[in-house]
Peer 1: 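Sending over a structure as structure tokens; questions will come in a sec.
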Amino acid sequence: MRRVFVNEEWCLGCHLCEYHCANANMGGVTAQDMVRNLRGKKIHPRIRVEDGADGGKINFAVQCRHCYDPMCVKSCIAGALTVEDGVVTHNPDKCVGCFTCVLTCPYGCVMPDGDGKVVQKCELCLRNKVGAPACAEHCPNRAIVYEERGTL
Amino acid sequence: MEQGKIYLSPEHEVVRDNDKCIRCQVCERQCANKVHSYDADIDKMLACDENCVNCQRCVSLCPTHALKIRRCENRFRENNNWNETKIRELYLQANSGGVMLGAMGTPLDYPTYWDHMLINASQVTNPSIDPLREPMETRTFLGKKNQKPERDANGKIITKFKSPQIELDVPVMFSAMSYGSISYNAHESLARAATELGTCYNTGEGGLHEDFYKYGPNTIVQVASGRFGVHGDYLMAGAAIEIKMGQGAKPGIGGHLPGRKVGPDVSRTRMIPEGSDAISPAPHHDIYSIEDLRQLVYSLKEATAYTKPVIVKISAVHNVAAIASGIARSGADIIAIDGFKGGTGAAPSRIRDNVGIPIEVALAAVDARLREEGIRDNVSVVIGGSIHSSSDVVKAIALGADAVYIGTASLLALGCHLCRSCHLNKCNWGIATQEPDLVKRLNPDWGYKRLVNLVSAWKHEIMEMMGGMGINSIEALRGNHLMLRGVGLNEKELELLGIKHAGENI
């Protein structure tokens, strides 16, 4: 299965992925959609760029690994998190907002959504209009890639 | 000496559509010139126009297309004699007392003769060739050719070259750009692309980084007047050795890599102390005649056991044909001629904009002279200095070149937007800089693919154009002046180029 991988050697810390992620998950595809969706709003992206050490010269993006044996799915008390064709998927209608998954995810990739009532997580943009990870598609330096790398 | 500065309005201004700006601050993070900033109090992005070099990095990365860079609308009083640029440069010099520096090729509006030449095609009386269905050879060899056919004991013609050659799958090479003037990642992109394309890139005068010896068979190693990074292994590493006598952008002067670009890696590669200015003298101090040049050519051949062809690179100057004739007799295998529109990482603007001659006429003059003297086969001729497209390549070959060098075109493929600020070390595209956080902006994994794309596309177009002429090999196109016709050229220009005017028959 193809997954999103981040190579911090090439990450520039431009944070574009966050904005494209937020736009994609608000139903947007184009630059015009982004203006409508994100202008004047605080964004809640599912991928986060951490600006690290060395005066911000080392940056890396953190995103869901879609683990084979995901702790978040195991810990979900409501059955809201499931694995569908390898993609760890979240159903907000079932989510009760207990945030146990937030606690158990070893990568910090499941987070409360903008309203703080339920969680949100990366679903590889497979369920929004973009159809493939927007972060990888728009990474200007190919630091984020969407590819098959065999069994992890 | 700075006294009584005169304020100059910015050359460019940043135009931001505030209805589109989402305050993502990508522009701010990506601008090494610190143009953009976010003011939280008024929730607006601000721009410091005077820092802008118009490299288009922010424009390219803005996710909502909210940015535009415009020429600043402030104008001096209209004057066709003292135009904006002339006045501006004069003020800058009066402010600073310094030599005007510029980068890349001249931006001035000199004639481009390529654009005044048209290519022939076959109709009715001779068949054109479809390169998708019929063989089409773009391979070419650079080096001294056998003077006459010889036969072996069985009477078969010996096809092997007596002198070492460079074999190119496509007659387009990447010109000399040193590690130091351009970044590690730019060099890696060029090296990997040259390897995949079966052509060569050129180290420039900065030596060869230890990581790139593996690309040796596709590397031309340069020996310039500073002799930076030259040692036995270096000479043996490449496919050929180039002696740089001159550069099209700055004929008659040397080079200067500022000390701030000489970090640990560049220092090791160039074999000079860290932080020291790398100054290449204007002449080679051991070359004051063709005889001296011959000594260096043969020293290099001796050092490499006569296994490597030697290139002598000169800039196109007024008596280029006579110089080329001398070089062809010096023992050199290849002559590289760099036209006055060629690029550079830094040059005095006056020299870049006013010294040298156009490559098209230089090439025609050299080719004609070498033919006249019967020594054209002694050498191959490579030209560079503003080759913009595959049609320029075809025209160059028809005019007599064996192959071309592309420098600026290859940097454009890597993202360069020709802001001509290479000498500032703040290249936002990660090309002409040694700052680690800027260098990493050029990921060679995709950089090399863009170069491969570019040259592959050109190769297709070259084959299409050759096919159209009914020609199926580079060899048959070379020096085939009848495949060219001039438009809008005067009689003298046509005579110098050695081509007929459009409408003239054979």
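Letters A, B, ... mirror the listed sequences (proteins, then strands); counts begin at 1.
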Peer 1: Measure B:Leu442 against the heavy atoms of chain A and call it side chain, backbone, both or neither at under 4.5 Å.
Peer 2: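 For B:Leu442, backbone heavy atoms alone lie under 4.5 Å from chain A.
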
Peer 1: Considering residues, nucleotides and ligands other than A:Met71, do more than 12 of their heavy atoms fall under 6.0 Å from its CE?
Peer 2: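 Count not over threshold, so no.
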
Peer 1: For B:Ser178, check side-chain hydrogen bond (donor to acceptor under 3.5 Å, both in side chains) against everything at least two apart and list the hits.
Peer 2: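 Only B:Ser181, B:Arg270 meet the side-chain hydrogen bond (donor to acceptor under 3.5 Å, both in side chains) criterion with B:Ser178.
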
Peer 1: My understanding is that only residues two or more places apart in sequence, or in another chain, count here; which of them pass ring pair (Phe, Tyr, Trp, His ring centres under 6.0 Å) with B:Phe174?
Peer 2: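 Listed in chain order: nothing, the list is empty.
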
Peer 1: Could you have a look at B:Cys21, B:Gly430, B:Cys24, B:Gly415 and say which one has the most heavy-atom pairs with chain A under 4.5 angstrom?
Peer 2: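 So the answer, after comparing B:Cys21, B:Gly430, B:Cys24, B:Gly415, is B:Cys24.
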
Peer 1: Taking 3.5 Å as the threshold, show me the donor-acceptor pairs across chain B and chain A, one per line with distances to 0.1 Å.
Peer 2:
{"from": "B:Asn18", "atom 1": "O", "to": "A:Arg39", "atom 2": "NE", "distance (Å)": "3.0"}
{"from": "B:Asn18", "atom 1": "O", "to": "A:Arg39", "atom 2": "NH2", "distance (Å)": "2.7"}
{"from": "B:Asp19", "atom 1": "O", "to": "A:Arg39", "atom 2": "NE", "distance (Å)": "3.2"}
{"from": "B:Cys21", "atom 1": "O", "to": "A:Arg39", "atom 2": "NE", "distance (Å)": "3.3"}
{"from": "B:Arg29", "atom 1": "NH1", "to": "A:Cys14", "atom 2": "O", "distance (Å)": "2.9"}
{"from": "B:Lys440", "atom 1": "O", "to": "A:Asn141", "atom 2": "ND2", "distance (Å)": "2.7"}
{"from": "B:Lys440", "atom 1": "NZ", "to": "A:Cys11", "atom 2": "O", "distance (Å)": "2.9"}
{"from": "B:Lys440", "atom 1": "NZ", "to": "A:Lys57", "atom 2": "O", "distance (Å)": "2.9"}
{"from": "B:Asn443", "atom 1": "N", "to": "A:Asn141", "atom 2": "OD1", "distance (Å)": "3.2"}
{"from": "B:Asn443", "atom 1": "ND2", "to": "A:Asn141", "atom 2": "O", "distance (Å)": "2.9"}
{"from": "B:Trp446", "atom 1": "NE1", "to": "A:Asn141", "atom 2": "OD1", "distance (Å)": "3.4"}

Peer 1: Does B:His388 have any side-chain hydrogen bond (donor to acceptor under 3.5 Å, both in side chains) partners at least two apart in sequence or in another chain, and if so, which?
Peer 2: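 Applying side-chain hydrogen bond (donor to acceptor under 3.5 Å, both in side chains) to B:His388 gives B:Ser386, B:Asp392.
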
Peer 1: Taking all non-hydrogen atoms of both residues into account, name the closest pair between A:Ala31 and B:Pro63 and its distance.
Peer 2: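 In terms of heavy atoms, the two residues are closest at CB-O, 3.4 Å.
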
